[in-house]
2 protein chains.
Amino acid sequence: MNTKENTEPAPRSRGRPRGFDMETALDTGQRLFHAGSYETVGLAALTDALGVKPPSFYKAFGSKSEFFAQVIERYAQSALALDEILLPGRAPADALAELLESAARTYVRDPEQRGCLVLEAARGNDGDASVIHARRVANQRRYRLREFIARTHPERASAVTDFVASTMSGLSASAREGMDESRLLGVARTAVAGLKARLDAD
Amino acid sequence: MNTKENTEPAPRSRGRPRGFDMETALDTGQRLFHAGSYETVGLAALTDALGVKPPSFYKAFGSKSEFFAQVIERYAQSALALDEILLPGRAPADALAELLESAARTYVRDPEQRGCLVLEAARGNDGDASVIHARRVANQRRYRLREFIARTHPERASAVTDFVASTMSGLSASAREGMDESRLLGVARTAVAGLKARLDAD
DNA sequence: TATTTTCTTTAGTGTTCACTATAAAAATCC
DNA sequence: GGATTTTTATAGTGAACACTAAAGAAAATA
């Protein structure tokens, strides 16, 4: 997303160069927000972890909520990449089973990053800027999910998407509350059984 | 829960009488916390809605988090009463189906009280006093659920309880994000299909 | 009536929150 | 080297947070 279309060689802008790497900062922010939440990670904790003073942070990212928006968009692209699971032509029952079981595993992989950063942030009050951002990202993924299912099951796509989305929220919550991987996988597999009944029914 | 066992006549203690009704205050607090969350409802908003000044609030309830603990315990007894659903001798498949469908309906009944107050509060950071209270209440209900299932399905009680608990968290989250009753019921019924497969399997 | 007890009101406490005005430092352009 | 541009550090903004010290007001008891 640079102004020039060539990728790497660094545009070497004019004034004083930035003293920190923005990608590293986003990674650090992701780790903090995922371990805690948008509200529990204050600006002081954030700038301390980044090794950056508040004015530099605001010059680079605008505000805490804009920084958070960038963090969750990055996270959505890296964690549980839908491209690798919703392969064209693949049977939805298979793909969704893998999605739910992968979610179960991913949500407890790192004990300090339990649950889904996006889904956890999507809860909370309606007005919050961080909640609005998170819901937009979550809904983009749900849209892709529905499109994938609609290719083979157009009539059940919405209901199945609702179920998968709701189940993933439940898995994320359970992971946050301390449920371990084997139990979480049990939940995911029971959900898959319901999913298959719904996909194949009638 | 009075000190005397007779119900109404008021013990008429010494000093100046309390200028407000504690039950009404708890109801109001429940409404506020359920519409928002523990963090979003500040003490100022709370005492304003109660028509009570902070010192009176602290004299009566001790602290915000103790007040909240009382609120969610009351809520757990009133909403989705397990006694009426987990009837002794009833088939778990039936009872759990009713529990999940009732949850779906309850979670969107009042558009300003969406989701489950306890389950929503149970999310959030581990250290929080409000989160600890909410998880204790949630786990008490899950214990009763497991005991009920274990009467007929002792080997699957834990897995089924995990699934029901996780599903209810998902339903609560979906309700909070704006899913309407019919969609939520669809999710609940798909979950019930998985539940039955898990209960009757092998 | 005087005393004791309990609650209420007034008016704050210090802490933390996200955020910023100002000016110095480090780079490029002329 | 001087001007320009951009990011830095210093130091602090007002607002909101949960909570409280001190004294006044309303009841029961002595």
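Small disclaimer: the values here were computed from a predicted structure and weren't measured. So that the names make sense, note that chain A is the first sequence line, chain B the second, and so on, each numbered from 1.
Look at CD on Glu39(A): it is 13 Å from P on dC17(D), rounded to the nearest Å. Rounded to whole Å, the distance from CG on Leu50(A) to P on dA18(C) is 14 Å. Remark: P of dC17(D) and OH of Tyr38(B) are 13 Å apart, rounded to the nearest angstrom. Atom-to-atom, CZ of Arg16(B) to P of dT6(C) comes out at 14 Å; the value is rounded to the nearest Å. If you measure from atom CZ of Phe61(A) to atom P of dC19(C), you get 14 Å, rounded to the nearest angstrom. Taking atom NZ of residue Lys53(B) and atom P of nucleotide dT13(C), one finds them 19 Å apart after rounding to whole Å.
Between the Asp128(A) side chain and the Ser130(A) main chain, no donor and acceptor come within less than 3.5 Å of each other. Looking at Arg151(A), its side chain never comes within 3.5 Å of a backbone N or O of Gly89(A) through a donor-acceptor pair.
Using bins of under 30°, 30° to 60° and over 60° for the plane-to-plane angle, the ring pair Phe61(A)/Phe67(A) lands in the perpendicular bin.
Of the residues near DNA chain D, Phe57(A) and Ala44(B), the one whose nearest nucleotide (by heavy atom distance) lies more toward the 5' end is Phe57(A). Comparing Thr40(A) and Gly62(A), the nucleotide of DNA chain C nearest to each residue sits closer to the 5' end for Thr40(A). When each of Gly19(B) and Gly42(A) is assigned the nucleotide of DNA chain C with its nearest heavy atom, Gly19(B) is the one assigned upstream, toward the 5' end.
Regarding contacts with the backbone of dA18(C), a side-chain N or O of Lys64(A) is found under 4.0 angstrom from either OP1 or OP2. Residue Lys59(A) places none of its side-chain N or O atoms closer than 4.0 Å to OP1 or OP2 of dT6(D). Under 4.0 angstrom from either OP1 or OP2 of dT7(D) there lies at least one side-chain N or O belonging to Arg18(A). Taking 4.0 angstrom as the limit, Ser56(A) places a side-chain polar atom (N or O) nearer than this to OP1 or OP2 of dT8(D). Here Tyr58(A) does not reach the OP1 or OP2 of dT20(C): none of its side-chain N or O atoms lies under 4.0 Å away.
In the set dA26(D), dA18(C), dT20(D), the nucleotide with an atom closest to the side chain of Pro17(B) is dA26(D). In the set dA26(D), dT4(C), dT9(C), the nucleotide with an atom closest to the side chain of Arg14(B) is dT4(C).
Taking a cutoff of 4.0 Å between a charged side-chain nitrogen and a carboxylate oxygen, Glu73(A) and Arg136(A) qualify as a salt bridge.
When ring centroids are compared, His34(A) and Tyr75(A) come within the 6.0 Å threshold.
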